[in-house]
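What you see is a predicted model; the values in this text were computed from it and never measured. To find a chain, count down the sequence lines: A is the first, B the second, and so on, and within it residues start at 1.
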There are 2 protein chains.
Amino acid sequence: MAGLRERQKQDRQKRIVEEARALFMEQGYEATTIEGIAAAVGLSGVTVHNYYGTKAGVLLAIVAESDRKLLERMGAALSGDIDDLLELLLNFAAIVRQHAVTNLNKQIWRQVVAATIVDSESRFAKTYHELDHKLSMVLVREVERLQREGRVSAEISAFALGKGLFHLQNTRFIQFVSSDEMSDEDAAKKLRSDVSALLHALPSRVAAE
Amino acid sequence: MAGLRERQKQDRQKRIVEEARALFMEQGYEATTIEGIAAAVGLSGVTVHNYYGTKAGVLLAIVAESDRKLLERMGAALSGDIDDLLELLLNFAAIVRQHAVTNLNKQIWRQVVAATIVDSESRFAKTYHELDHKLSMVLVREVERLQREGRVSAEISAFALGKGLFHLQNTRFIQFVSSDEMSDEDAAKKLRSDVSALLHALPSRVAAE
DNA sequence: TGAAATTTTTTATTGAACTAAATTTTTTAT
DNA sequence: ATAAAAAATTTAGTTCAATAAAAAATTTCA
């Protein structure tokens, strides 16, 4: 039984996040001021500070919201019908990139990535990393399935492989948002080349032993 | 024949970088002001701005300097005596981490990584990425050697594999500097687990075909 | 040496994030 | 309905990065 005050608080927070997102998209992150966001919502700048602490805090709240949607979508999209590890990861990565540019833009994503690194210890960065973790666990579960199907060696740790693949995806994602020129296809191509090389790096084991 | 003015300019820049590094280490990045750096060198804050544009510009100049040293060291350290791909990368990564914490500290490295992402297009971020590229090419050349020795499959692209390994190293490096708690051993262990899983992910090819 | 060119510094301002404290408004509970 | 509690706002101020424009200093070159 959430009291009226609590509901109003949540409503205000929701409005802040919505208006902030709109302003960031319209004017860019740096050009948007906290006072501007507050004015758009009809609150004082100090109130926004009270809720989110810093401008980066507001940004990460937007992303947390958007990432929750991505997580849902990913669970559904990767519903166990891809039988090749490489294709699985490329699919995963394509969904992440598409979601990213649909909800925000590259310039803003650069600020997001930077903020999560600089303020690693902040509450907002922590929820971001939690969502990242959950996202990577989707991959881990898919790897487990491929192991059961004999497509991936049963001897390795699905967790380690899932995480490793996620990292490669993430690196190329950061490169993707870091350059306004880099196309979705470029990013996909580069990720394919990374993963493919790693998966086939070692000479066939039978021959080597 | 560099004129006097040019020499003085370089001398001033060197002093700025040195003093800035000292102050960043003493007081932390955020607590250090451009005016403070300028005062320590005996220049005006505006002059520092003229040279480096922004505070992040000064920071990246420090890193460029330090990374040049790392590149030299890496060339010598990895002089072709490791015959296992995984051990090679772990060695590479250990050198990078050790160099990082010796020259700067984690808190500052977080700012570095963030700055190179946010200001991707700046002159300073570009030289940073160039040095990163050269660093990764050291790995590519080592992979080529392992291919010649039959330790790595001749069928894959050494470039792709070198880059892929570098990315995994880089991701774990960023995680390493992002957490003050994470030890060097932790970072090494996690990287080993990533790479190892990826290298042995696929079931032995002979059996599969 | 002295005039011209270039650089640095001084001076002044702006803009914005963030903070502190007092006041007002709103909500809750008696 | 009213007192008490909690939250939001106002007001005021600090700090610092960044920029602009004019003045001063330095260097180059004829």
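- Note: NZ (A:Lys9) to P (C:dT27) measures 13 Å, nearest angstrom.
- With contacts defined as side-chain heavy-atom distances shorter than 4.5 Å, the pair A:Leu60/A:Thr127 does not qualify.
- Using a cut-off of 4.0 Å between Lys/Arg side-chain N and Asp/Glu carboxylate O, A:Asp83 and A:Arg151 are scored as salt-bridged.
- With sequence neighbours left out, A:Val46 forms a side chain to side chain contact (heavy atoms under 4.5 Å, CB included) with A:Ser44, A:Asn50.
- Residues from residues 36-44 of chain B with heavy atoms under 4.0 angstrom of DNA chain D: there are none.
- Within the 4.5 Å cutoff, the side chain of A:Gln147 has heavy atoms near those of the A:Ile156 side chain.
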Point to revise | Pair assignment for DNA chain C - dot-bracket with | for other-strand partners, Watson-Crick or G-U under 3.5 Å | key: ||||||||||||||||||||||||||||||
**Study point:** Per-nucleotide protein contact string for nucleotides 15-22 of chain D, where B marks a base within reach and S marks sugar-phosphate only (heavy atoms under 4.0 Å, - for neither)
**Key:** -SSBBB--
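- In this structure, B:Asp11 atom CG and C:dT7 atom P are separated by 17 Å, rounded to whole Å.
- Checking B:Gln175 against B:Arg172 by side-chain atom types alone, a donor-acceptor pair falls below 3.5 Å.
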Could you tabulate the donor-acceptor pairs under 3.5 Å formed by side-chain atoms of residues 61-77 of chain B, not counting sequence neighbours?
| residue | atom | partner | partner atom | Å |
| --- | --- | --- | --- | --- |
| B:Arg73 | NH2 | B:Gln98 | OE1 | 2.9 |

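- Remark: C1' of C:dT11 and CG of B:Asn50 are 15 Å apart, rounded to the nearest angstrom.
- A salt bridge links B:Arg97 and B:Asp184; the closest N-O separation between the charged side-chain nitrogens and carboxylate oxygens is under 4.0 Å.
- Taking the ring centre of A:Tyr29 as origin, the terminal cationic atom of A:Lys55 falls inside the region bounded by 6.0 Å and 45° from the ring axis.
- Side-chain nitrogen and oxygen atoms of A:Arg12 include at least one within less than 4.0 Å of the OP1 or OP2 phosphate oxygen of D:dA8.
- Heavy atoms of A:Tyr51 sit under 4.0 angstrom from primed sugar atoms or phosphate atoms, though from no base atom.
- Remark: B:Arg145 pairs with B:Leu88, B:Glu142, B:Arg148, B:Glu149 by the side chain to side chain contact (heavy atoms under 4.5 Å, CB included) rule, at least two apart or across chains.
- Contact of the A:Met137 side chain with the A:Phe159 side chain is registered, since non-hydrogen atoms from C-beta on lie closer than 4.5 Å.
- Using a 4.0 Å cut-off between charged side-chain N and carboxylate O, A:Asp11 and A:Arg15 make a salt bridge.
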